[in-house]
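Contents: one structure, followed by commentary.
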Amino acid sequence: MGEIVFWTIIRIFLLIPSLWILKSYIQYQTWFMLSLMSIYGVIIHPTIIHYRLFIEQNKEIIESTLCSSCKHFDESAVLCMKYDEHPSKVILPCEGEDWEPNSSEYESKDVDIDS
Ligand code: SF4
């Protein structure tokens with residue numbers, strides 16, 4: 001996830017000055033439309049594509065590992081926050097010893113975890 005944010009920031013830093021320089025060479029209306037299209041094409045669209053790829057590549061880890069039901073698991077980064085490591089389908093950083101139920105999961109399913 002951090003890589004997606006990093007490359008999005010790099011593209012923003014490259015595109016904005018380019019558009020700023022281009023502004024003095026073409027008509028404003030053309031520049032405005034070109035800016036909108038390039039912001040979508042260079043920044044927004046690649047970010048969406050990379051995010052979807054990230055989700056697709058990590059779908060099994062997010063949905064079907066022990067970590068996916070643990071309160072220390074950050075789905076958005078596919079990260080164990082307790083060990084600051086990325087779990088995989090076969091390797092859990094804690095090897096299951098520090099697993100704790102995700103209470104929000106139980107609340108959303110209206111399950112009583114005390115019984
Ligand atoms: S504590 Fe263990 S089970 Fe929980 S997210 Fe980290 S590695 Fe996974």
Side-chain angles (χ1 to χ4, degrees):
M1 188 60 118
E3 190 178 329
I4 296 170
V5 173
F6 174 77
W7 284 110
T8 301
I9 291 170
I10 294 295
R11 285 194 299 272
I12 290 170
F13 276 115
L14 293 176
L15 183 64
I16 299 301
S18 304
L19 289 172
W20 193 258
I21 292 167
L22 191 65
K23 187 181 176 188
S24 55
Y25 293 101
I26 58 175
Q27 285 185 333
Y28 179 77
Q29 289 173 330
T30 308
W31 173 82
F32 187 77
M33 291 307 295
L34 188 69
S35 296
L36 289 180
M37 288 189 295
S38 58
I39 286 170
Y40 180 78
V42 175
I43 299 171
I44 297 172
H45 187 68
T47 302
I48 292 170
I49 297 293
H50 286 131
Y51 182 72
R52 285 184 182 159
L53 274 173
F54 172 79
I55 294 296
E56 190 62 36
Q57 288 168 349
N58 293 294
K59 193 174 182 178
E60 279 188 58
I61 298 168
I62 293 170
E63 292 178 354
S64 60
T65 61
L66 185 63
C67 295
S68 61
S69 61
C70 179
K71 77 174 191 180
H72 302 295
F73 185 61
D74 179 4
E75 258 186 43
S76 64
V78 190
L79 179 74
C80 169
M81 294 183 293
K82 186 164 187 164
Y83 286 81
D84 198 26
E85 287 183 38
H86 296 280
S88 71
K89 282 183 268 183
V90 291
I91 298 171
L92 306 181
C94 76
E95 296 179 355
E97 291 180 9
D98 293 320
W99 177 86
E100 291 182 56
N102 186 348
S103 58
S104 65
E105 195 171 288
Y106 286 106
E107 288 166 7
S108 67
K109 290 177 182 172
D110 207 18
V111 174
D112 184 13
I113 58 173
D114 293 331
S115 59

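Scope of the values below: all heavy atoms of this structure, side chains included, with no hydrogens, waters or symmetry mates. We count ligands from 1, going down the list as the structure has it; atoms in each ligand are counted the same way.
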### Message
I need the minimum non-hydrogen distance between C67 and L92, along with the two atoms involved.
### Response
SG-CD2, 3.4 Å
#### Entry: Side chains of I61 and K89 in contact at under 4.5 Å (non-hydrogen atoms)
yes
### Query
Taking all non-hydrogen atoms of both residues, which atom of S69 and which atom of W99 are closest, and how far apart?
OG-NE1, 3.1 Å
## Note on the structure
When every non-hydrogen atom of D98 is compared with those of C70, the smallest separation belongs to O-SG, 4.3 Å
### Query
Any idea which heavy atoms bring F54 and I4 closest together, and the distance?
CB-CD1, 3.8 Å
### Task
Take atom 2 (Fe) of ligand 1 and tell me which protein N, O or S atoms are nearer than 2.8 Å.
C94 SG
Could you pull out all donor-acceptor pairs under 3.5 Å where a side-chain atom in residues 26-50 meets a protein atom, sequence neighbours excluded?
residue: W31; atom: NE1; partner: L19; partner atom: O; Å: 2.7
residue: S35; atom: OG; partner: W31; partner atom: O; Å: 2.7
residue: S38; atom: OG; partner: L34; partner atom: O; Å: 2.8
residue: S38; atom: OG; partner: S35; partner atom: O; Å: 3.1
residue: Y40; atom: OH; partner: H45; partner atom: ND1; Å: 3.4
residue: T47; atom: OG1; partner: T8; partner atom: OG1; Å: 2.9
residue: T47; atom: OG1; partner: R11; partner atom: NH2; Å: 3.1
residue: T47; atom: OG1; partner: I43; partner atom: O; Å: 2.6
residue: H50; atom: ND1; partner: P46; partner atom: O; Å: 3.0

